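In each ligand, atom 1 is the first atom listed, and ligand 1 is the first ligand listed. Worth saying up front: this structure is predicted, and the values here are computed from it rather than measured. We use all heavy atoms of the structure for the numbers below, so side chains are in, but hydrogens, waters and symmetry mates are not.
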Amino acid sequence: MNLLYKSTRNASLSVTASEAILKGLAEDGGLFVPEFIPQLDISMEELKEKSYQEIAYIVMKQFFTDFTEEELKDCIKSAYDEKFDTEEIAPLVKIGDTYHLELFHGATIAFKDMALSILPHLLTTSAKKNHVTKEIVILTATSGDTGKAAMAGFQDVPGTKIIVFYPKGGVSPVQERQMVTQKGNNTAVVALHGNFDHAQSGVKALFEDRQLQEKLAQSGYQFSSANSINIGRLIPQVVYYVYAYAKLLKHQQITAGEKINVTVPTGNFGNILAAYYAKEMGVPIKKLLCASNENKVLYDFFETGTYDKNREFILTSSPSMDILVSSNLERLIYAISGQDAQMTAKCMDQLKQKGVYEITPEMRERLSDFIGGYATEYETAKMICDTYRATGYVMDPHTAVAAYVCKSYQEKRDDLAKELVVSTASPYKFLKSVMTAIDEKYQTMDEFDLIEELHKKSGTPVPMAVSEIKNAKIRHRRECDVKDMEKTVLDILGIEV
Ligand SMILES: *Cc1c(COP(=O)(O)O)cnc(C)c1O
């Protein structure tokens, strides 16, 4: 059976999986969603003995139905290999009485690697399948982790170029160094004078600009996206929820069919939406806890049914979650509206015009699987410190936000379900925040001198991603104002304005 993809804003448009991956964003500005969520066609009993790569194939073949078995297996094989520092790819670690699903064992030590190591392969395969001859320009806005992970994935991939915009001053020093030292003849990095929302809406506007697309086409280019709006990123993220459940079962931490809760540190709502898709596929998940930092627009949404981005943008110690417009929420709105494209388009239009929209009581009822929570900066730091003191485990601030939300949920509610906390970054990526949470004395130390200190404290090996950037050459120094993003893109591509 061929599963087609529709735009969240237009019921009449439908495309194949490979077309959706190539386009990134639908022409009407909507996001591509599968017409329905397929059911897992294999039992957890059978899944529990399978490898990550095998489970990846089992999940993705049900979504990417126009890929051949060989194509999909090739993509998976090229993605989930020695770039990851463990054969398990996504190991489960028990910390206290919660299970941490560590998604930071890839090349850039954040969970973005889980999807961005396969996206370039899915995209180039899609280009071949659809006889695309133009060079593909990946345009990406990053809150810190996507940019590096995307460049690592696309570096020197023939037929592609990648341009990354990150908010200047809005990412951690390690994140910034990782990006500006990026190698590859097809990579470009731009520090934007604005925050992540500026970067994201700027990139979206370029995607929707017909004139610009024509200009590009004349020069032999076409845009695509590596942001989590691309369905080619979302579906690979479903895999690790299936995998985690199967492994909990294998290690007899749960019994067959036992429902678990999942807490996800959330920004753009991609990771937690993948958990929701996994639940819809049949993975026994009870509650989805959506954890925010002080930019708690999602928490307020789950509490009130009103999404309101009109508020101060706060820079926190978990920069990859400093987001007020969570793009992937649009896919959830579409689902809870009963796949009502008109309703979804209306909400998104209100968001664009007024910065706020309200969902109907019926839609709110369909949100009952979700619970919002948030952690303040103080609570996040305290969580890192308390966990370290109690267990010796050092977690990054994003993970700590989730761990805190999970813990306070457990304390408040009478819910005995086992808790899975999604661990999205290595603490080595956020050295200053992590180390000062443990001991104030690190406040005055140089970020890069903290590498050794963290190594001593945690006993975990220093990841290559960190050791290799310490003395790496800076290769990208471009900056631009929000209003000049188009000009910058044209300049990078060598197109006359
Ligand atoms: C991107 C990111 C998040 C947020 O994930 P979304 O899919 O955008 O909700 C959380 N933690 C880290 C470390 C990230 O890089």
Side-chain angles (χ1 to χ4, degrees), residues 31 100-117 119 140-150 152 164 166-167 170-172 174-175 178-179 196-197 199-200 225-231 233-238 240-241 262-278 288-293 295-299 301 316-332 370 372-375 380 384 395-405 421-431 433-434 463 465:
L31 310 192
H100 279 232
L101 177 61
E102 293 188 345
L103 302 179
F104 55 78
H105 289 270
T108 74
I109 59 174
F111 101 94
K112 303 298 193 291
D113 290 322
M114 302 305 297
L116 283 165
S117 51
L119 184 70
T140 291
T142 184
S143 57
D145 290 327
T146 293
K148 178 65 187 184
V164 170
Y166 73 92
V171 301
S172 86
V174 172
Q175 287 179 315
Q178 276 187 310
M179 288 191 276
F196 173 71
D197 285 331
Q200 175 156 267
S225 164
N227 276 105
S228 57
I229 52 172
N230 194 318
I231 197 78
R233 263 191 67 185
L234 190 60
I235 303 306
Q237 294 177 179
V238 177
Y240 45 77
Y241 291 104
V262 177
T263 311
V264 187
T266 297
N268 228 352
F269 211 76
N271 202 355
I272 193 166
L273 188 74
Y276 175 71
Y277 279 16
L288 295 156
L289 275 68
C290 174
S292 301
N293 63 26
N295 295 291
K296 60 182 184 58
V297 60
L298 286 165
Y299 167 79
F301 171 69
T316 72
S317 59
S318 45
S320 302
M321 293 154 64
D322 290 346
I323 294 175
L324 294 179
V325 181
S326 297
S327 296
N328 273 292
L329 189 66
E330 179 167 347
R331 289 188 165 110
L332 183 65
F370 287 87
Y374 71 97
T380 305
I384 294 173
M395 53 190 166
D396 100 286
H398 302 76
T399 308
V401 167
Y404 176 83
V405 167
V421 167
V422 178
S423 186
T424 50
S426 159
Y428 282 98
K429 213 161 180 175
F430 302 94
L431 290 156
S433 313
V434 167

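- Remark: A152 engages T108 in a side-chain contact (heavy atoms from CB on, under 4.5 Å) (not counting sequence neighbours).
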Could you walk me through whether D322 and N295 pass the side chain to side chain donor-acceptor pair (under 3.5 Å) test, one step at a time? CA-CA 6 Å; D322 290 346; N295 295 291; 3.1 Å; yes
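- No side-chain heavy atom of T399 sits less than 4.5 Å from a side-chain heavy atom of F104.
- Heavy atoms only, all atoms of each residue included: V401 and M321 are closest at CG1-CE, 3.8 Å.
- Each of N230, I231, I229 was compared with L31 under the side-chain contact (heavy atoms from CB on, under 4.5 Å) criterion, and only I229 meets it.
- Aromatic rings of F111 and H398 (six-membered ring for Trp) have centroids beyond the 6.0 Å cut-off, not under it.
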Pairs under 3.5 Å, N/O atoms on ligand 1 and on the protein: can you put them in a table with the distances?
unit_1: ligand 1; atom_1: 7 (O); unit_2: G270; atom_2: N; d: 3.1
unit_1: ligand 1; atom_1: 7 (O); unit_2: N271; atom_2: N; d: 2.9
unit_1: ligand 1; atom_1: 8 (O); unit_2: N268; atom_2: N; d: 2.8
unit_1: ligand 1; atom_1: 9 (O); unit_2: G267; atom_2: N; d: 2.8
unit_1: ligand 1; atom_1: 9 (O); unit_2: N268; atom_2: N; d: 3.1
unit_1: ligand 1; atom_1: 9 (O); unit_2: F269; atom_2: N; d: 3.0
unit_1: ligand 1; atom_1: 11 (N); unit_2: T424; atom_2: OG1; d: 2.8
unit_1: ligand 1; atom_1: 15 (O); unit_2: K112; atom_2: NZ; d: 2.6
unit_1: ligand 1; atom_1: 15 (O); unit_2: D145; atom_2: OD2; d: 2.4

